[in-house]
Amino acid sequence: MSNLNRLGGACGAGALAALAFAGLAFGQDAPASPIPAPAFDSGGTTWMMISSVLVLAMTIPGLALFYGGLVRAKNMLSVLMQVSSILCLVAIIWVVYGYSMTFTDGGSLNAYVGGFSKMFLANVDFAGLDPTKGAATFSNGLYLPELVYILFQMTFACITPALIVGAVAERVKFSGLMVFVALWVTIVYFPIAHMVWYWPGPDGVAAATLAGEEIRSGLIWGWGGLDFAGGTVVHINAGIAGLVLCLLIGKRLGFGKDAMPPHSLTLSMVGAAMLWIGWFGFNAGSNLAADGIAALAAMNTFVATAAAAMGWVLVEWLTRGHPSLLGAISGMVAGLVAVTPAAGFAGPIGAIVLGFVAGVACFFFCTTVKNAFKYDDSLDVFGVHCIGGIIGAIGTAIVADPGFTGQGWLDYAASPGTAVAGAYDLTAQLITQAKAVGVTLVWSGLVSAVLYYVVHLTIGMRVTADQEREGLDISSHGERAYNS
Amino acid sequence: MSNLNRLGGACGAGALAALAFAGLAFGQDAPASPIPAPAFDSGGTTWMMISSVLVLAMTIPGLALFYGGLVRAKNMLSVLMQVSSILCLVAIIWVVYGYSMTFTDGGSLNAYVGGFSKMFLANVDFAGLDPTKGAATFSNGLYLPELVYILFQMTFACITPALIVGAVAERVKFSGLMVFVALWVTIVYFPIAHMVWYWPGPDGVAAATLAGEEIRSGLIWGWGGLDFAGGTVVHINAGIAGLVLCLLIGKRLGFGKDAMPPHSLTLSMVGAAMLWIGWFGFNAGSNLAADGIAALAAMNTFVATAAAAMGWVLVEWLTRGHPSLLGAISGMVAGLVAVTPAAGFAGPIGAIVLGFVAGVACFFFCTTVKNAFKYDDSLDVFGVHCIGGIIGAIGTAIVADPGFTGQGWLDYAASPGTAVAGAYDLTAQLITQAKAVGVTLVWSGLVSAVLYYVVHLTIGMRVTADQEREGLDISSHGERAYNS
Amino acid sequence: MSNLNRLGGACGAGALAALAFAGLAFGQDAPASPIPAPAFDSGGTTWMMISSVLVLAMTIPGLALFYGGLVRAKNMLSVLMQVSSILCLVAIIWVVYGYSMTFTDGGSLNAYVGGFSKMFLANVDFAGLDPTKGAATFSNGLYLPELVYILFQMTFACITPALIVGAVAERVKFSGLMVFVALWVTIVYFPIAHMVWYWPGPDGVAAATLAGEEIRSGLIWGWGGLDFAGGTVVHINAGIAGLVLCLLIGKRLGFGKDAMPPHSLTLSMVGAAMLWIGWFGFNAGSNLAADGIAALAAMNTFVATAAAAMGWVLVEWLTRGHPSLLGAISGMVAGLVAVTPAAGFAGPIGAIVLGFVAGVACFFFCTTVKNAFKYDDSLDVFGVHCIGGIIGAIGTAIVADPGFTGQGWLDYAASPGTAVAGAYDLTAQLITQAKAVGVTLVWSGLVSAVLYYVVHLTIGMRVTADQEREGLDISSHGERAYNS
Amino acid sequence: MKLVTAVIKPFKLDEVREALTALGVFGLTVTEVKGYGRQKGHTEIYRGAEYAISFVPKLKLEVAVKSEIVDAVIEAIVSKAKTGQIGDGKIFVYPLDHVVRIRTGETDTEAL
Amino acid sequence: MKLVTAVIKPFKLDEVREALTALGVFGLTVTEVKGYGRQKGHTEIYRGAEYAISFVPKLKLEVAVKSEIVDAVIEAIVSKAKTGQIGDGKIFVYPLDHVVRIRTGETDTEAL
Amino acid sequence: MKLVTAVIKPFKLDEVREALTALGVFGLTVTEVKGYGRQKGHTEIYRGAEYAISFVPKLKLEVAVKSEIVDAVIEAIVSKAKTGQIGDGKIFVYPLDHVVRIRTGETDTEAL
Ligand SMILES: Nc1ncnc2c1ncn2[C@@H]1O[C@H](COP(=O)(O)OP(=O)(O)O)[C@@H](O)[C@H]1O
Ligand SMILES: Nc1ncnc2c1ncn2[C@@H]1O[C@H](COP(=O)(O)OP(=O)(O)O)[C@@H](O)[C@H]1O
Ligand SMILES: Nc1ncnc2c1ncn2[C@@H]1O[C@H](COP(=O)(O)OP(=O)(O)O)[C@@H](O)[C@H]1O
């Protein structure tokens, strides 16, 4: 999912590896056109199915436990239920119209959103036999059965709104949240994902270039924004929505007065571990092929996370006197968020620096800054996902620079049918990244606020004080998490 | 693991994809025979090894936690121990004689059970170097190292009897259960798996057809029963055994009087999540190759589950006033069970409908129907696995119909060496499915009852009342799950 | 990671499978040299990325939970934090200089340790496009993008020192432990891994043989030690270090007097399950390719573990009266450890025997022997990892013998460019294995003792009695694992 | 007024509570406790480490009642909590000076 | 000396403790208990099995005080623990014979 | 008869119990409680949110004994539970009207 860049089209250099492979295996069948014949690769298909499963594991049990462990025992089930229900709801929405709105041509609105030609997965080759009906990767000639791509992207659509739960945990009304999420993915997530990730693929760029036609892509892709695995689409997007929601819904009863310690850091740690594990699918899977760039993304996902955890813990140790496990796992998540847009672009040392910076910065944000402003972002969705996401998005411009051992971007138009390295302009890239961040912050922030009021004024977004005090598990779901 | 159908032989259309691949990569070596030369595919081998690991994860920690969270704290370890011990025991039995009894030719008894030619894995090529000694997939010419197939199938044999634990939890005697399981897999599971899944493979069908010989397969496979990943073999099979056992062993002390709430819905939710995650290996792995049909099975495994969870929760919300997490995860499992036989045959929308129906039906079964009959199937093995399995098995006939965007079945005999779509007869398929369900219910139900009495009258199947009251953890295993 | 053997070079027969594959796909490009042209294989790349993720899952949440569940609640977070921090610290050290010290040529010291040419991953092809810059596997001509290999090996370096935590849990000082680990991986782990696993690869052996040059490898590899996945490098290495540390640091307060039951066997069981699951990546991933030998390693990883759990539980049942869950999961780990060096060499029945023996032996060690000597190896790092590791290392010589359905070793020098079976000498192999064990015990044991004193005399290795009594969670990390 | 405290086996709670309600006692407070007495605990072995668990889980019921019904309350508890086996528990009766209902400020017998 | 015991709603603990401290009471002991009384519990349904949970989580505070300040202590607790809703809890006062501080061996009012 | 109640540091339980057994006291009931007193708790920080934990985990022992041995019991507890550091805990002695052994119906000193 790296982005098209400037004129020609760009992606992680993974293209070349797969191209090489394709060349070896299928070279003898190459037609007169410079664009290679489409082919599937069972190694890549396997990698993408596994990556999809890994991203599912990020949501449940990963995110559910990470968040759940941080709330009080009386709200544990409510968090698990919110995350699980969002997952199920968005999965269905995705196949009904979400995929179509995100990954088809939106006609005159194509810069902003897709169309409805694949509603109910119409026009998708379910048997996945025919590479010419496959989904493009970042290598000319290399395709995935379209359902693999739909599945992988579905897991992203499912986890993004689930991230928001952390901002309003322990007080949000279940029915209101579900309606909010259904509206939010429709009006915010699908369009932004379309803007950042919709493009015609390497061969599409090549064909359009050869034919002298316009390359039809989403707005931010067209600008050349680099977002390997969803720093803007997923993390900034959900993070700003979380901030808006927690400001509008108000603080938890007793916030700042009662002790609200995590009911089980053990479970949060397990959740963080599952997030880390699953994030290899998220980041390295976003390469859409099993090649060297996937390995690079995987390596970066490992070391940036380790560096961020160490960053958070070290500053905490220095400033607060103790290195805490909650610090370590918060740092892990901050590092994972920050490396997401850079995963296939940065070199490992660049990733370490990026992760370390994110760990330190998010620490200050979640402690000093948040305490100063006194808003109740219960589980730090904003401080970790939005701040970490912004650091990652901007930092990507730097660590992707080949001058800093980055991978730069690939140009699919310069020599149609193959991919060549594009010229890297750091300043321009920084500006592009900032613009992409800005669009996301503004659109997601504004629409989230409007949607909040829509739901608030109809079915309501918050439980009553008594329900909140009793705990959402009993009051909203009629169950308790723990019995003896 | 889809089934041979009617005369010719059928399977998920995955065949074609892999065939295409094989054709591209190896076409130039094709011999004079229309049957392609056997070959391995590292992508497929990887997919199947991962799928095996995923199915292991379904059992432990998945099923162990799902069940364990639902019992009282004093019986937690006993459930974990029963599931773990069954897993270990059956794994050993599998390599000693189980695989042989399931997947070799049983001579004159071949319709019902295999033979002993591969006891102790004799005659298996351990190095897995030679595709001509490999295990067939659903594509002509595409093979797996036989150990991969043995491993994958082993995980199915291990989880099936572990499912039964849920019906007799909190009162069953450990030694009795172990003996029961050893007998049950031998007399019930291996034969039924043989009846449903034993066939000579695409090239075997082709060779037999060309030679004008009989196609030697298990009984139900020969009928043309469709069971992509084990709806009959695994779920109906274990579900009916569970019902029989819980009726014969009797209710828990205090059933219907004392409160027996789940000791940790948190753990059950983690277990359900691991089940879902692992089920991708179960269902999409049953395709035996990493192609478009695997992707279809994976997609169906996702959306049917989501729909079933929503179905259960919605009806529960309407009829009981609260949407519960236990409802959501029970629905997930119901959906997973129902989509199992249909995974590679249904289109995604068909899978959604199938899942939703299963969620609603299992809800009514586990609440209204069970309460009416007052039997103590502690963790609803019958209500979820058997009922969900029957809905899935029958529903498969419908959703597999190409008229409803299903994949139909493939005929390997029409044009030996390749696979072509077979003509789909919905009514006939419904009857076949019903017959397969019937055979399983009768055989598993009857033999389970007999085995219960055999064990009951020798070593005993139930602990004493005092042991039950103290909790099985202390009384059977000398440990407690939680200390401070 | 199987080892070079005697003169020529040996490895799991997996080589042949991959070779066959390479031959089919790339045969037409074969150069005049008998050494095939290097190529990547996306199936293998996928397998190794997944294997890396699986090994990460062994460490967190696997090992963290396995260990964490066994300590008292007041020390839970400290264990989770120690394991997580070691993981992060060693990951960074690995890319900075660890990989270079392990897997580059060490010049005149090459028998013992590598050099510094790849510090900060200098000279590594990040894009992974070019197979000639890839990392060798055990098949001629088959390569991995080097980052894949670096990633996979990194996970081994991370988990090894984390194993040591179990020996000193509930009393070790966090800062002291971190410094100890940083020194220990540098002086113990990297050199021993180099001695056992550094070799020039199949094509390197072939090229050296053709050129009549010396084959430059680590000391133990040169001897022909067989260690498929790290029995010596990981388990014996960490196990002896644990014994030394726990002897020097002293017993826990109240050891032998106060009850110190595991605070959550549930979590330990989940940890053991994750260890088992992840160990498929550890063992079958060590084959470096997705072929029949990987399947053999996976099968052995399954059945040896099952047999070991049954072995432990059966003896326990006979001698102590109860079959316990802690026994079952301890047996699982013992089996996993024992089968590690033998994974790709043994036949499944050999693996069952090996696992069973390890289960029984480790049971006696952790109960009778340990009780007799009264040292406080809190979580039995020595009794399980070192003893299990030694049984596995010595046993490998036996079960690898083709006379006992083992795979023997492959000779890459006899016919350069291809691999042929080497002649198997059981006695010689037994001696070699014993020598490898001896070197590891002595070097790791001695250096660990020295390092203990270095840290003890500077920053200290143990918390104060008050801190220990209060629990490390509060005193070292300022948090509690559980709140309500 | 008296405070009647009973240490009983956990699974007897519901029966005892019902018996008390039948006597017109509508309030009580329950605590999970661990008891040590004639009833032996059990031994747990964790990987060779053997722990004798001498404390047994019990429930402690506290019921404040008018002095007149103390005997009836005792009798009700005894009859319901008794299994006849060691470890059935004990009843302790204490003098109680004063009772206040927080919600209303009512005191003593009115507050019961 | 008297022992004042109060069963209160859990979220009132901090307020009550502060009020007691203001009165010069510097020690107290808290137990998690389950209360049965006029306040109804709730119903939980687990897959069709319906359980009436009649016990409500409460905290029990035990405060040993000089007889002179018993009334002030009661008043302080009532004023802070009161929400006016059913289930606010009760205060019980018992006679107390003797107090010892373990650390020093001091006794009675000196030990408080 | 008296009820001797002691709030002690948790890790002292076994020693105290042994001392009591030596005195011929064969029954006692233990509750996990949280104590507030001179012993300061500690501060926990969770991602910037700082909580002062003022309650310290303690065990409360309840032992019903014949009046004659109250002093010996107190002495035994003090001698075993004492570490000399703040937070060692307190002993409270209450009058006890009546004891019943549920299993047998025996009463008072026979029931101890
Ligand atoms: N002297 C005592 N003081 C306080 N509690 C006691 C005393 N003796 C017994 N108990 C409580 O009563 C419970 C039951 O006593 P036990 O001696 O085991 O059996 P029984 O009640 O049948 O005599 C014990 O577990 C303990 O909680
Ligand atoms: N007779 C009693 N003996 C002991 N505890 C009691 C008694 N009556 C009430 N309680 C305790 O007081 C709590 C509150 O009582 P309840 O009747 O629910 O409301 P209120 O205090 O408003 O009258 C109960 O949960 C119980 O713990
Ligand atoms: N007035 C009191 N009433 C009830 N419990 C008390 C009282 N004072 C102290 N305690 C209990 O005794 C414990 C120890 O008291 P503390 O003042 O911390 O130390 P010390 O016992 O050394 O004076 C407290 O944690 C509390 O549980």
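Just so you know, these numbers come straight off a predicted model, no measurement behind them. Here is the naming used below: chain letters follow the sequence lines, and residue numbers restart at 1 for every chain.
With a threshold of 4.5 angstrom between heavy atoms, C:M76 does not approach chain B through any atom at all. For a residue to count as touching a neighbouring chain, one of its non-hydrogen atoms must lie under 4.5 Å from one of that chain's; by this rule C:M299 touches chain B with backbone and side chain alike. Heavy atoms of C:I50 lying under 4.5 Å from chain B belong exclusively to its side chain. With a 4.5 angstrom heavy-atom cutoff, B:L151 touches chain C via backbone and side-chain atoms both. For C:I349, the part sitting under 4.5 Å from any heavy atom of chain B is the side chain, from C-beta outward, and nothing else. Using a 4.5 Å cut-off between heavy atoms, C:T405 touches chain B through backbone and side chain atoms alike. Looking at B:L89, the atoms closer than 4.5 Å to chain C (heavy atoms on both sides) sit in the backbone and in the side chain alike. The contact between B:M154 and chain C is made entirely by side chain atoms (from C-beta outward), counting heavy-atom distances below 4.5 Å. At a 4.5 Å heavy-atom cutoff, C:I329 makes no contact with chain B through either its backbone or its side chain. Using a 4.5 Å cut-off between heavy atoms, B:S175 touches chain C through backbone and side chain atoms alike. Contacts between C:A309 and chain B at a heavy-atom distance below 4.5 Å involve the side chain alone, from C-beta outward. Residue contact with chain C, scored on non-hydrogen atoms closer than 4.5 Å, involves the backbone and the side chain of B:P61 alike.
Among B:L80, B:T155, B:V148, the residue with the largest count of heavy-atom pairs under 4.5 Å with chain C is B:L80. If you tally non-hydrogen atom pairs under 4.5 Å between each of C:L296, C:L54, C:V270, C:T266 and chain B, the highest count goes to C:T266. Ranked by heavy-atom pairs under 4.5 Å with chain C, the list B:F174, B:W94, B:F126 is led by B:F126. Between chain C and the residues B:L56, B:V96, B:L77, the largest count of heavy-atom pairs under 4.5 Å involves B:L56. When C:G44, C:A73, C:S264 are compared by the number of non-hydrogen pairs under 4.5 Å with chain B, C:S264 comes out ahead. Comparing C:P262, C:G347, C:A259, C:A328 by heavy-atom pairs within less than 4.5 Å of chain B, the highest count is held by C:P262. Across C:M332, C:M269, C:E316, C:R320, the residue that shares the most heavy-atom pairs under 4.5 angstrom with chain B is C:M269.
B:D41 contributes no side-chain N or O that, together with a main-chain N or O of B:A289, makes up a donor-acceptor pair within less than 3.5 Å. Side-chain atoms of B:K118 do not come within 3.5 Å of backbone N or O of B:F103 as any donor-acceptor pair. Of the possible polar contacts, one joining the B:T46 side chain to the C:G43 backbone as a donor-acceptor pair under 3.5 Å is found. Judged by distance alone, the side chain of B:Q82 and the main-chain N or O of B:L177 form no donor-acceptor pair under 3.5 Å. With B:N75 contributing its side chain and B:V79 its backbone, the two residues share no donor-acceptor pair below 3.5 Å. At distances below 3.5 Å, at least one donor-acceptor pair connects side-chain atoms of B:E170 with backbone N or O atoms of B:R72. No donor-acceptor pair closer than 3.5 Å links the side chain of C:N287 to the backbone N or O of C:A290. In terms of modelled atom types and a separation under 3.5 Å, the side chain of B:D473 and the main chain of B:E479 share no donor-acceptor contact.
A distance of 4.0 Å separates CG in B:L142 from OG1 in B:T137, rounded to the nearest 0.5 Å.
Side chains of B:D130 and B:T132: a donor-acceptor N/O pair is present below 3.5 angstrom, by distance only.
When the options C:Y424, C:W409, C:F228, C:F404 are evaluated for a ring pair (Phe, Tyr, Trp, His ring centres under 6.0 Å) with C:F345, the one that passes is C:F228.
In this pair, C:H263 and C:Y482 present their aromatic rings tilted. The plane angle is within the 30 to 60° band.
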